[in-house]
Amino acid sequence: MKVLIVFYSTYGHIFKMAEAVAEGAKGVAGAEVHIRRIPETLPEEVLEKMGAVEAQKTFSHVPVCTVDELAEADAIIFGTPTRFGNMCGQMRQFLDATGQLWANGSLIGKVGSVFASSATQHGGQESTILTFHVTLLHQGFVIVGLPYAFQGQMRIDEVTGGSPYGATTIAGGDGSRMPSENELDAARFQGKHVATIAVKLAE
Ligand SMILES: Cc1cc2nc3c(=O)[nH]c(=O)nc-3n(C[C@H](O)[C@H](O)[C@H](O)COP(=O)(O)O)c2cc1C
């Protein structure tokens, strides 16, 4: 049973979350877990102006995802930073290249799940995940979120991401806040939860 974690990250927050999602999924017997990154579409000079070059080097070793790899997976967990309350353009462009998979019904019945990050607490994490789900539904995915069994999403003693829609992290206006332990726990829970459901579906 193959679990594919596909992410795009500019400054590394979503990469950190992707690693935690993978950790959680790997804990499930029978799950074979792979991490892939979405191809960058911005020119190098733009990335330099955005201050993203050094951060992106920390995950440049992760293989770039191909569209065909989506068809080979049993479960796919997508990670994206928020862009104006939606998924990032890099992810959109990648998904818009899956028309052939849609035409062949290649993704129907696979488990799909989404995690996200935003600069601010109320900057659109939930809308990013929910609008992402629309695309997954068109492709026939069975959508899985982050149930309240992950109690960490109830916390109000510290600033934290995480909602029933999926694990999230808050990067801060200047991007200086990296995922907290609670947010990483949410990501691990989501990875494990998705893999567990995918194993059951495979049976
Ligand atoms: C063009 C653009 C639009 C963004 N839109 C939002 C937004 O709507 N809400 C928000 O809180 N953060 C927004 N951000 C901040 C990113 O979501 C943040 O940098 C990202 O979550 C960090 O994750 P990463 O390091 O994995 O890229 C935006 C950033 C850029 C560059």
Side-chain angles (χ1 to χ4, degrees), residues 4-25 33-65 76-96 112-135 145-146 152-153 156 158-191 194:
L4 184 63
I5 297 151
V6 189
F7 75 94
Y8 171 81
S9 186
T10 304
Y11 302 108
H13 301 81
I14 280 291
F15 171 55
K16 280 269 167 277
M17 293 288 278
E19 286 185 313
V21 170
E23 223 181 287
V33 182
H34 299 280
I35 303 188
R36 295 287 182 269
R37 65 189 163 92
I38 294 293
E40 183 55 86
T41 57
L42 294 173
E44 192 71 11
E45 61 266 30
V46 173
L47 291 170
E48 266 167 33
K49 281 183 186 159
M50 290 174 77
V53 174
E54 285 308 307
Q56 289 200 335
K57 279 183 190 160
T58 62
F59 48 85
S60 59
H61 61 281
V62 178
V64 168
C65 195
I76 309 175
I77 312 176
F78 298 89
T80 177
T82 290
R83 297 282 185 264
F84 308 117
N86 278 269
M87 72 174 81
C88 64
Q90 290 83 351
M91 183 67 81
R92 183 73 264 162
Q93 188 158 329
F94 183 78
L95 292 174
D96 285 358
S113 195
V114 183
F115 59 100
S117 83
S118 64
T120 63
Q121 280 186 75
H122 307 291
Q125 302 190 333
E126 296 182 4
S127 59
T128 296
I129 295 177
L130 290 170
T131 50
F132 202 127
H133 286 172
V134 175
T135 297
L146 178 69
Q153 64 185 291
I156 52 167
E158 64 173 42
V159 170
T160 188
S163 74
Y165 315 112
T168 57
T169 183
I170 299 154
D174 60 0
S176 62
R177 182 182 181 276
M178 288 312 278
S180 68
E181 209 36 57
N182 193 52
E183 291 165 345
L184 294 171
D185 276 348
R188 288 183 200 105
F189 192 106
Q190 189 171 349
V194 168

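Atoms within a ligand are numbered from 1 in the order they appear, just like the ligands themselves. Only heavy atoms go into these numbers, but all of them, side chains included; no hydrogens, no water, no symmetry mates.
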Peer 1: Between ligand 1 and G12, is the shortest N or O to N or O distance under 3.5 Å?
Peer 2: yes
Peer 1: Counting from 1, what ligand 1 atoms have a heavy atom of I14 closer than 4.0 Å?
Peer 2: 26 (O)
Peer 1: Provide, to 0.1 Å, the distance between atom 25 (O) of ligand 1 and the closest protein heavy atom, together with that atom's residue and name.
Peer 2: H13 ND1, 2.6 Å
Peer 1: Counting non-hydrogen protein atoms only, what is the nearest one to atom 18 (C) of ligand 1? Give residue, atom name and distance.
Peer 2: A119 N, 4.2 Å
Peer 1: Given I35, which of V62, I77, L4 fulfils the side chain to side chain contact (heavy atoms under 4.5 Å, CB included) condition?
Peer 2: V62
Peer 1: Polar contacts were defined as any N/O atom of the residue lying under 3.5 Å from an N/O atom of the ligand; does this apply to A171 and ligand 1?
Peer 2: no
Peer 1: Looking only at protein heavy atoms, which one is nearest to atom 26 (O) of ligand 1, and how far off is it?
Peer 2: S9 OG, 2.6 Å
Peer 1: With respect to P81, determine whether any N or O atom, backbone or side chain, lies less than 3.5 Å from an N or O atom of ligand 1.
Peer 2: no
Peer 1: Quick one: are H13 and P179 in side-chain contact, heavy atoms under 4.5 Å?
Peer 2: yes
Peer 1: Please report which non-hydrogen protein atom sits nearest to atom 29 (C) of ligand 1, along with the residue it belongs to and the distance in Å to one decimal place.
Peer 2: R83 NH1, 3.5 Å
Peer 1: What protein heavy atom sits nearest atom 5 (N) of ligand 1, and how far off is it?
Peer 2: F84 N, 2.9 Å
Peer 1: Between atom OH of Y11 and atom CE of M50, what is the distance when rounded to the nearest 0.5 Å?
Peer 2: 4.0 Å
Peer 1: Minimum heavy-atom separation for T169 to Q125, with atom names?
Peer 2: O-NE2, 2.7 Å
Peer 1: Considering only protein heavy atoms, which is closest to atom 27 (O) of ligand 1, and at what distance to one decimal place?
Peer 2: T10 N, 2.8 Å
Peer 1: For F7 together with F59, are the ring centres under 6.0 Å from each other?
Peer 2: yes
Peer 1: Any N or O of T82 that comes nearer than 3.5 Å to an N or O of ligand 1?
Peer 2: yes
Peer 1: Within the structure, does F15 bring an N/O atom to less than 3.5 angstrom of an N/O atom in ligand 1?
Peer 2: no
Peer 1: Write out the residue and atom name of the closest protein heavy atom to atom 9 (N) of ligand 1, then the distance separating them to 0.1 Å.
Peer 2: G123 O, 2.7 Å
Peer 1: Does CD in Q93 sit with more than 12 non-hydrogen atoms of other residues, nucleotides or ligands closer than 6.0 Å?
Peer 2: no
Peer 1: Does any part of the side chain of F115, heavy atoms only, come nearer than 4.5 Å to the side chain of I5, both counted from C-beta?
Peer 2: yes
Peer 1: Identify the two heavy atoms, one from S180 and one from R177, that lie closest to each other, and give their separation to 0.1 Å.
Peer 2: CB-NH2, 3.6 Å
Peer 1: Identify, for atom 20 (C) of ligand 1, the protein heavy atom at the shortest distance, and state residue, atom and that distance.
Peer 2: S117 OG, 3.5 Å
Peer 1: Taking the side chain as every heavy atom from C-beta outward, state whether S9 and R37 have any atom pair closer than 4.5 Å.
Peer 2: no
Peer 1: Could you establish whether G85 and ligand 1 come within less than 4.0 Å of each other, counting only heavy atoms on the residue side?
Peer 2: yes
Peer 1: Within the 4.5 Å heavy-atom criterion, are L95 and M87 side-chain neighbours or not?
Peer 2: yes
